[in-house]
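The structure under discussion appears below in the form of structure tokens.
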2 protein chains.
Amino acid sequence: MRIPTRLKVKMNAKAQPSIIPRSLDAQVADLLRNEILSGALSPGSRLLEVDLSDRLNLSRGTIRSALQQLTYEGLVVQFPYRGCIVAGLTAQDAWELYTLRNALESLAARLAAETMTLEKAAVLEAALQELIQTTKTADWQAIADADFALHTTIFQLSGHRRLQQQYQIVGHQIRLYIASCNALQADLPEIVAQHIDLVKAICSGDANLAEQIAREHNTEGQALIDQLQAVEDNPAQDPPRI
Amino acid sequence: MRIPTRLKVKMNAKAQPSIIPRSLDAQVADLLRNEILSGALSPGSRLLEVDLSDRLNLSRGTIRSALQQLTYEGLVVQFPYRGCIVAGLTAQDAWELYTLRNALESLAARLAAETMTLEKAAVLEAALQELIQTTKTADWQAIADADFALHTTIFQLSGHRRLQQQYQIVGHQIRLYIASCNALQADLPEIVAQHIDLVKAICSGDANLAEQIAREHNTEGQALIDQLQAVEDNPAQDPPRI
DNA sequence: TAATTGTAGATTGTCAACAATCTACAATTC
DNA sequence: GAATTGTAGATTGTTGACAATCTACAATTA
């Protein structure tokens, strides 16, 4: 038997992004994730392995692997022997997502503040300015992107890989919900003001304050949950789309 | 084309546990997870698909699926075209795990306290008594099990599915570390006292207090991180096992 | 007619073989 | 002798086919 002594991670990525070998199933997962988050595949849509393998000219095994990955990420739900559908979120799910994000972000804000430097502050400020710019437009998709980017930046600055990873997953599910309901009708000026406060606190290096602000700022989430709860209680149009 | 109208979750589980159909890959994942957490497979061990498929008389595809699941859970690390190994945790990992668990548990404690009932309190009390009993022995495995069971109970009482799921994953990784290092040499009476405080706060329904106690009680984690850091800084025996 | 049973088609679960890639070691070159 | 190159074996990545299971609808029965 051959026993390799080296089994280490390659650290030299990013140099030639076009030559990075990425397994086919990972690429399929990326593709489907984009289609789901952009709304091209709406919640409840069936994901047939044969259809996908025909469309992408890949075998069913590769598709299956991608669907399994997306199931872990909470964007797809699997039913044994019956197939996969794009996840649809209930009020309970929305509540879980926003409370979980809140807890994660409190920790991220604290850690980012504790390790704040001038460079980090500049990066964070840039993300904030980007969000402020987009809010002056009515492009909700762009606003959601900028919002997600700002939060992602905070998690990156925390230096906590698992925290980043978790936020990525939770954030994707939140975007899935927003995309599916065309919600996000929250109070923009209020949201912007809260983000400014949060960034300011993190950049100041006051970990306690940053954590506290991150924990208390959750208006978008609450607004969305309330709206979703109202829709569920009122069975007017059962399938919003499809 | 056939379009099924029903695609809903079966709610009637638990009735006949022995007849519940569980896919082979899930069973393999369970098996390997147990072997990893029990220490039978130590960190760094190679997981060869052919070996496993020979041992379990299953195809490589089924094994691959199980390994993908364990990779998502953080118990296994995959290297493209080179295979899988049981994850080994660094000081950074331990720090991430304990800080993340702390954040998750703060939320769980708050939610459990907010929805406390007499029945829930009884369940929680029982788990606490079980832990207290085991600490009177020197069976570290049993103590770790009881500790994990108590925390799991708190998360179950939170009524937050994603929180439960996340804790499961984080908890498994923590147990992997403990098993691999035979650590857990923390101050038992102190730990017991902290758990008693936490349970008492949750059962009292004081959400703020429960959250605060959960956030501040982290001595086991800090002790383990310090120990691991010391081991890493002192490159005495590079491979502890194998 | 309502409920049950049986059958066909569709779809996923599993498998075994082929292709691509990696590691280690030997052969070659300077 | 050190560095480079080539080769063989081992291992994973991918594929297409077969088996197991589910859904829907038709046939049967009370």
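These values consider heavy atoms only, across backbone and side chains, with no hydrogens, waters or symmetry-generated copies. Naming: A, B, ... by sequence-line order, numbering from 1 per chain.
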Item to check | Separation of D:dG13 C1' from B:Q78 CD (nearest whole Å) | outcome: 11 Å
Next on the checklist: With a 4.5 Å cut-off on side-chain heavy atoms, are A:S65 and B:Q68 touching?
Outcome noted: yes
Next on the checklist: Are B:L75 and B:V86 packed together at the side-chain level, in the sense that at least one heavy-atom pair is separated by less than 4.5 angstrom?
Outcome noted: no
Checklist entry - How far does CD of A:E105 sit from CZ of A:R110, to the nearest 0.5 angstrom? => result 14.5 Å
Checklist entry - ring-ring contact (aromatic ring centres under 6.0 Å, His included) with A:Y81: which residues, sequence neighbours excluded? => result none
Next on the checklist: Does any part of the side chain of B:I36, heavy atoms only, come nearer than 4.5 Å to the side chain of B:V76, both counted from C-beta?
Outcome noted: yes
Checklist entry - Given atom CD of B:E49 and atom P of C:dT14, what is their separation to the nearest angstrom? => result 16 Å
Checklist outcome for this item: To the nearest angstrom, the CZ-C1' distance between B:F79 and C:dT23 comes to 15 Å
Next on the checklist: So if I take residues 63-71 of chain B and measure heavy-atom distances to DNA chain D, which residues fall below 4.0 Å?
Outcome noted: B:R64
Item to check | First encountered from the 5' end of DNA chain D, between A:Y81 and A:G61 | outcome: A:G61
Item to check | Parallel, tilted or perpendicular, as decided by the 30° and 60° cut-offs, for the rings of A:Y167 and A:F155 | outcome: parallel
Checklist entry - Are the charged groups of A:R82 and A:E49 less than 4.0 angstrom apart, N to O? => result no
Checklist outcome for this item: In whole angstroms, the gap separating C1' of D:dT12 from CG of B:L52 amounts to 13 Å
Next on the checklist: From the set C:dT12, C:dT23, D:dG13, return the single nucleotide nearest to any side-chain atom of B:R82.
Outcome noted: C:dT23
Next on the checklist: Please report the distance, rounded to the nearest Å, between CG in B:D25 and P in C:dT12.
Outcome noted: 15 Å
Next on the checklist: Whole angstroms only, please: what is the CG-P distance between B:L48 and C:dT21?
Outcome noted: 20 Å
Item to check | Side-chain N,O (A:T62) to OP1/OP2 (D:dT15) below 4.0 Å | outcome: yes
Checklist entry - Does D:dT15 have OP1 or OP2 sitting under 4.0 Å from an N or O in the side chain of A:R60? => result no
Item to check | Rounded distance (Å) that lies between atom C1' of D:dT12 and atom CZ of B:R46 | outcome: 10 Å
Item to check | B:E73 side chain to B:Q69 side chain, donor-acceptor N/O pair below 3.5 angstrom | outcome: yes
Next on the checklist: Five pairs per end, C1' atoms only: what is the angle between the end axes of the helix from C:dT1-D:dA30 to C:dC30-D:dG1, to 10 degrees?
Outcome noted: 10°
Checklist entry - Should the pair A:R162-B:D93 be classified as a salt bridge under the 4.0 Å nitrogen-to-oxygen rule? => result yes
Checklist entry - Closest to the A:S23 side chain: D:dT14, D:dT12, C:dC15? => result D:dT14
Next on the checklist: Counting only side-chain heavy atoms from C-beta out, which of C:dC15, D:dG13, D:dT23 sits nearest to B:L58?
Outcome noted: C:dC15
Checklist entry - For the pair made of CG in A:N57 and P in D:dT14, what is the distance, rounded to whole Å? => result 15 Å
Checklist entry - For the residue pair B:H160 and A:W95, does the interplanar ring angle fall in the parallel (under 30°), tilted (30 to 60°) or perpendicular (over 60°) class? => result tilted
Checklist entry - Which listed nucleotide (D:dT14, C:dC15, C:dC22) is nearest to the side chain of B:S59? => result C:dC15
